[in-house]
Structures are given as structure tokens and as C-alpha cells.
Amino acid sequence: MRDTNSRSRSPPAQTPGPFQVKKKGGAATAASGCDVDAEPGDKSWLTGQPYSKRFFEILKARRRLPCWEMRKEVVKMVRENQSSVLIGETGSGKTTQVAQFLLAAGGDLGSGSIAVTQPRRVAAMSVAARVAQEMDVELGQEVGYNIRFEDVTSEKTRIKFMTDGMLLRECQTDPLMSKYSVIILDEAHERTLATDILFGLLKEVLQKRPELRCLVMSATLEAEKFQDYWSGAPLLRVPGRMFPVETFFTLRPEKDYVAAAVEVCCMINQQEPPGDILCFLCGEEEIETACFEIETRAGESGCSTMVLPLYSSLPMNQQRRVFPPAPEGTRKIIIATNIAETSLTIDGVVYVVDPGLFKQMLYNPRTHVESLLVSPISRASAQQRAGRAGRTRPGKCFRLYTPETFEKELPESTYPEIIRSNLSSVVISLKKLGVDDLVHFDFMEPPSPESMMRALEMLHFLGAIDDEGDLTDAGKAMADFPVDPHLSKTIVAACSRGCVSEVLAIIAMLSVPPPFSRPRHAQKAADRAHRNFASGYGDHLSLLTAYSQYSNNGSKADYCHEHFLSERNMKQAENVRRQLAGIVRSRGLEKESTEKNGMITTNVRKSFIEGFFMQCAHIDQGGKNYMTVRDQQMVAIHPSSFLQHKPEWVMYHETVVTDRCYMRNVTAIPAEMLIEVAPQFYHPDTCKLNEQAQKILQRALPRSKR
DNA sequence: GAGCACTGC
């Protein structure tokens, strides 16, 4: 099944480039012909230690992987070409084997270390653990991983699994990626924002480092697209290993996909032979509804069934319930979001029910509005979902749409993140990486000029770039923080206003999934508990109260439980705060704190206005709704807000569109504070806001210092 | 007075 592409270029010169990394320790070298294969009694070519018994047991399984037979071809392709593409289906073993082949092959390939990127943290961790075991080394020594908040590598590390975002961050301090002799971008078909940017950066780095090798690994689809982008790089195809999956379509489109999914799950449960069912739905609420209905109907029909929901906001211990096999004679039915398509793999699934839909965040640069919409999945996703039924034995996939829909209405592959995202973070990090000419940056999928313009405009408003489009000092500082530019601007502002400690806590709380938990069965109690955190100023300062109380409490788990905080998300917020504080400290940005002079709430709000002055809204004439200043959109305060009254002006963190457009995380801002902090936008003499807004500002003018 | 797909730095 191999097709090495005929367009492959002639091999580059074998002379080491100027960025050759000095050879690190190792018991054997390329000259001794080290190989991944071994015989009992051999010593590890890498550590010089005798191999363990387990090593040989694992080796037996590795030799059976489809990838194994092609190890010489893989090595040859990568050695002879600066960039190449490897297509490997599920079960080919590419993720665990390829880096080992290349390292063992030695020569230039093993001169530095090998980076393997993954879109997800868990994947980076678990694959690293597996490979360390396969190589008979301790995790964190020769084989390690690096994800946010966790660096399990050492001086000795030769193969490093990392998230794509982590490698992108590393480029800021080492733009030539000089530590690495090979960079493998795995799961490239997922087209994450970070992988797409790494593509473009790597293309430039490869020109400067002729000895560097880049391997793009992907599941089957869009091979030609990758090849074209990498100027006809050679391609190797490794077959997968999976059981056949029989696919069924519906005759007519289904009006109510939740009802149809429930129907089909119950049908399988009653009529099909044993085997677990995995059903894809779009969100928490419909999953819980479907679970309830299937459970009820299974009870009526007398089938022994275990119905389990699965989505990311589900507490960990409940998520874990999907993995253990059901008792003999009981069928497991898992109703899951997209989390089960890529992030989690459940063994024992024989039937897949696929309505062909998922929720996707879409950004409209024209209106600045991001909204979460139910959209059709891609044909690639449909194939991936079906594949979930054939992991342990032959399975069946029930698609709740017609073959015509599949052919004509499903896009071939998922819309890359980069063309449906707000690009302000992308632009500021590229600028920081020295990519000034964004128009000519070699994106595999260039984002729309409009999206790019909006991002540049926003960064200009925030003072991150000057009129020439170059990063300002503030902009350079902002780019160091792994948060959205609105937030990094707020941090930089807080540093000068002496309230950075408080602002970081708030930003950490805003950057993690909702810290306030509100379990279905105890909503009233949760609301009551949360009211203890309420600040009259609004949500930002309420988040600060919650964070401070939590972090000053001795028994955090108990505190979370009693006050209906999500322990998982609060821990995450602590991590984020610590990381951001570390950056503030290492850059020496902080001025003296204003905590003692009682200005803290004022200064916190002023700092946020510096980052969010475009995300403010004023009350309309009727006094009921709000109008956003940026695009005159009618919005309302989200009912979850701590704000109990309707102030004239509010600042909001984000908008969410459901039936109506809501502002989430809202803080009251006096008009005079807007005029003082952002006069370019709010001074009534110069601002270009509507009449109503002007009137309010005019009235406030005498109170302001400007 | 309503609802948060999924990742990542």
C-alpha cells in the first residue's frame, strides 16, 4: 500500500548545517548500526543497560504493528528529504514507533532531540509513558513530555512528546528550534491553530537549517493538500489495523436527531447481539435527556443496560465510569459529545450511532460575534466516528442521515480552526516571533483578509502595535502572556496601576471553565452559596473574592464542596495564576501594590477598562437593554451575573448568543472612569458613539478629571 | 432569570 511520491526532490546535501546540535550521551552511535530491533542478551544501544524481560514482551507486539515493516522506508524518506508526509490510519502504530525508528537510525536524525507534537495534553503524556516503556527507560529521562504546567524531561531527553501549543511557545525563545534534529507534527489532519502556525514557521526554519527534518503525520484524508503545501514532499502510507465496520444510512433525513438517536439506541439494545453502544450527541443537556429516555425505555423492555453520559464538564470520576467493561450480560450505552471522537477511546464499542452533528465555535469578523452552533460534521469525522465501532471486533455504524447528505452536505474535512477564529492572539504571537509580513506568511489555509484586518485593528486599539504595524513595548510584554490580548493588556495595565496580584487572580478565573458549579439537583443551594462571593461592582470583583477565599482556605477540597466551587477548575485557576505571576516577576513588570491605600477596586476596574474598553455597553433609553459600543448590538446582562442592578455603563468579558445575546461576566463602570481611562474612545468631544451614549458621557464629563 | 462543543499556551 505504499506510494512514495514521484515528485520527491533530490536529497539535500548531507553536510551538517550551522545549527547542528552536539551529540548527547548514548551508548551507541549510528556507526555501530543501532536499530530498534534487539535479541535477548542485547544491551540497550541508548543506555548501555541490559534490556528487561518486559522489553522483549513489548517488542513482540511492536513487531506486529503495520508500521514496523516499513521502518526502513520511513527512516530513508526522512533522512533524504527535509520534509515528508506519513499517512497512517488508526492502529498503524505511527505515533509510538516513528520517533523511535528515527532516533535509532542515528546520524543527523539523532544528533539533536526529536520533538513529537500532539494536539492534546493527555495524548502527549500517555504516548510518552508508553514509548518510555517500549524503550526500557524511565519516563522523563531519555523519553519525556512537556505540556503546560508540566515538564517531564531532562538533559538526557532524546524524544520529547509535547502539545503543539507548547512547541509554538518554545519558538518564542528559540525561533530556530535548535534543540531538535527532527520535528514530527502528529495528528496534522486535525488542523489545530497551533499546528497550522507551526507549519508556516517550520517552512521558514527549514530554509535556515538544512539539516533539520520535518515529518507531518496525519490520518488518511487530504494527503494531497499536505503534499502540495510541502512542495511535493514524499509521502508514505502505512495501513491501519481495524476490524470492518458495516455502515447504515437512513432513508430520509431525521427532523429530531435526539429522538432519532434515542430510537436507534433502543432498537440496537433490543435487537442486536451483545456489544456496547456509543452514541454521539452535541451537548450536555441533550445527552442527559437522551440518557434518561433510553434508561426508562430499557427498563420497560427488561434489557439489562448501563446508560452513561460523557462530556468534558462532567466530573472526572463520572467520566471514568465509561471505561470499565459492563458486567456480563449487561450492555453499556455511552452517550457522548465529540470528546469520544478523538480525546477518549473506549474499548468494547461495537455499535456507533452518529447523527452527523457537533457544536462548533464560529467567529464572524464582520460582527465580532463568536457563536456556538450545531453544524454538520465532516466526512473525515464521520469516518473517525464509525471507526470507533471496529477497535476490538467487527462493528456497525448507524448514521442518522442519508447517503445523499453524506456526499453532498458534509464537507470533506473539518474547517481548520485558523479560518474560523479571532486572530488577535495569532497575530501578536507571530509578530513577537519576528513574522512582520503577515500577508505573505505561508499559511496552508490563509485566513480571510477581513479577519486579519480586524485582528490588526484590535491590536492597534490596545496599543500593542503602532501605526506601522510594529509591536510596541507594551505589545512585546503582552505577547509573553499565554492569554488573549484583551487580558494581556489588562495585566500590563495592572502592573502600572499596582493591582497585578488581584487582576491575575481574576484573569485566571476568567480563563478556566466556569469555577462556580451548579449541580442539577442543588441549583438553589448553589446560588445561595455563590451569593457570598457577590461584589456590588459586579462579576470581576466577585471572582476575585471567590478566588481569595478559596486560596486562603486551609482545606481547599472542603471549601469547594461547601461553597459549590468546582475543585478541578479552581485548581486550574491556581495554576494559571501562578504561571502568569511567574511571567510578571521574570519580566520585572510590577510596580508597588496599591492594596493598602484602598484604591484596589478602582484600580482593578481601570486596568480592565484598558483591555476591554471596546467591550462596554450602555443602557438604552427604555432602561431595559444594553447597546454595545463597538457595533450597536442589543444585549442583556446574563442571568448568572452577580450584578443586581442595571448601571448606565457596563464592561463585559464576552457575549454569548442563545435565543438572545447575553453579556457574561459584567462589571459596572462609571462613565467618568471610561472618559478618564480611554478618552480616545469615550471623550464626548471626540468619540463617535451614538446619541444616547454621547448624552450619558456629556453628563458625566464634569465629574471626570478630563 | 438562562445554559457552556472541544482543545491549547
Side-chain angles (χ1 to χ4, degrees), chain A residues 117-124 146-151 162-173 187 190-198 280-289 310-314 336-344 357-362 370-375 377 381 414-418 420-421 425-426 428-429 432-433 479-485 487-488 508 511-520 523-524 527 566 569 572 575-576 579-580 582-583 636-644 654-665:
Chain A
T117 69
Q118 293 291 326
R120 281 168 292 279
R121 296 161 52 100
V122 260
N146 191 188
I147 59 181
R148 190 184 190 181
F149 310 129
E150 239 182 302
D151 183 0
M162 62 207 298
T163 47
D164 49 8
M166 200 70 214
L167 181 58
L168 195 54
R169 270 284 146 185
E170 258 188 31
C171 289
Q172 294 205 344
T173 47
E187 313 291 358
E190 289 197 26
R191 304 297 303 280
T192 64
L193 202 49
T195 296
D196 262 27
I197 297 165
L198 284 169
F280 288 96
L281 286 179
C282 301
E284 174 177 343
E285 185 157 346
E286 56 191 47
I287 287 175
E288 295 292 351
T289 310
L310 177 64
Y311 43 87
S312 74
S313 60
L314 199 67
T337 58
N338 241 10
I339 193 171
E341 189 182 306
T342 46
S343 305
L344 295 179
L357 298 165
F358 77 124
K359 269 192 196 167
Q360 173 168 232
M361 185 62 85
L362 294 165
E370 277 186 322
S371 36
L372 200 56
L373 292 176
V374 173
S375 330
I377 60 170
S381 280
T414 315
Y415 228 38
E417 206 179 348
I418 197 162
R420 53 182 172 87
S421 301
S425 294
V426 171
I428 198 168
S429 33
K432 178 87 184 208
L433 288 165
D480 286 341
F481 294 95
V483 293
D484 183 270
L487 292 172
S488 56
S511 315
V512 298
F516 300 119
S517 79
R518 204 161 175 264
R520 225 165 270 274
Q523 298 191 343
K524 287 264 159 63
D527 289 349
S566 154
N569 298 339
Q572 180 73 358
N575 277 331
V576 172
Q579 185 189 30
L580 298 176
I583 297 170
I637 296 175
H638 197 280
S640 67
S641 177
F642 284 107
L643 212 53
Q644 290 302 307
E654 60 184 354
T655 51
V656 281
V657 191
T658 52
D659 296 343
R660 298 168 72 185
C661 191
Y662 289 103
M663 300 177 281
R664 209 157 41 185
N665 287 311

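Residue numbering restarts at 1 for every chain, and letters A, B, ... go by the order of the sequence lines.
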Residues two or more places apart in sequence or in another chain: which of them pass ring-ring contact (aromatic ring centres under 6.0 Å, His included) with A/Phe642?
-> A/Phe516
Look only at the side chain of A/Ser375 and the backbone of A/Leu373, and say whether a donor-acceptor pair between them is shorter than 3.5 Å.
-> yes
Taken in chain and number order and not counting sequence neighbours, the residues that satisfy side chain to side chain donor-acceptor pair (under 3.5 Å) with A/Ser421 are none
Report which part of the nucleic acid A/Tyr662 touches: base, sugar-phosphate, or nothing (heavy-atom distance under 4.0 Å, all strands).
-> sugar-phosphate
Counterpart residues, ring-ring contact (aromatic ring centres under 6.0 Å, His included), relative to A/Tyr662 (two or more places apart) | A/His638
Looking for any heavy atom pair under 4.0 Å, which part of the strands does A/Arg121 touch: base, sugar-phosphate only, or nothing?
-> sugar-phosphate
Contacts of A/Glu654 meeting side chain to side chain donor-acceptor pair (under 3.5 Å) (sequence neighbours excluded), chain-then-number -> A/Arg664
Classify the nucleic acid contact of A/Leu373 as base, sugar-phosphate or nothing, counting any heavy atom under 4.0 Å across all strands shown.
-> nothing
Counting heavy atoms not belonging to A/Glu285, are there more than 12 under 6.0 Å from its CD?
-> no
Would you classify A/Pro514 as touching base, sugar-phosphate or nothing, given that sugar-phosphate means primed atoms plus P, OP1 and OP2, and contacts are heavy atoms under 4.0 Å?
-> base
Quick one: label A/Thr192 by what it contacts on the DNA or RNA (base, sugar-phosphate, nothing), any heavy atom closer than 4.0 Å.
-> nothing
Could you pull out all residues at least two apart from A/Ser429 that satisfy side chain to side chain donor-acceptor pair (under 3.5 Å)?
-> none
A/Phe481 vs A/Glu284, nearer the 5' end of DNA chain B by closest nucleotide = A/Glu284
With A/Thr337 via side chain to side chain donor-acceptor pair (under 3.5 Å) - residues at least two apart | none
By side-chain contact (heavy atoms from CB on, under 4.5 Å) - contacts of A/Arg148 (at least two apart) | A/Arg121, A/Pro482, A/Val576, A/Gln579
Contact interval (first through last nucleotide) of DNA chain B with protein chain A, 4.0 Å heavy-atom = B/dG1 to B/dC9
Identify whether any heavy atom of A/Arg120 sits under 4.0 Å from a base atom; if not, whether one sits that close to sugar-phosphate; answer base, sugar-phosphate or nothing.
-> sugar-phosphate
Pick base, sugar-phosphate or nothing for A/Ile339, based on heavy-atom distances below 4.0 Å to the nucleic acid.
-> sugar-phosphate
Using the criterion of both pairing distances under 3.5 Å for Watson-Crick and G-U wobble pairs, give all stems of 3 or more consecutive pairs involving DNA chain B.
-> none
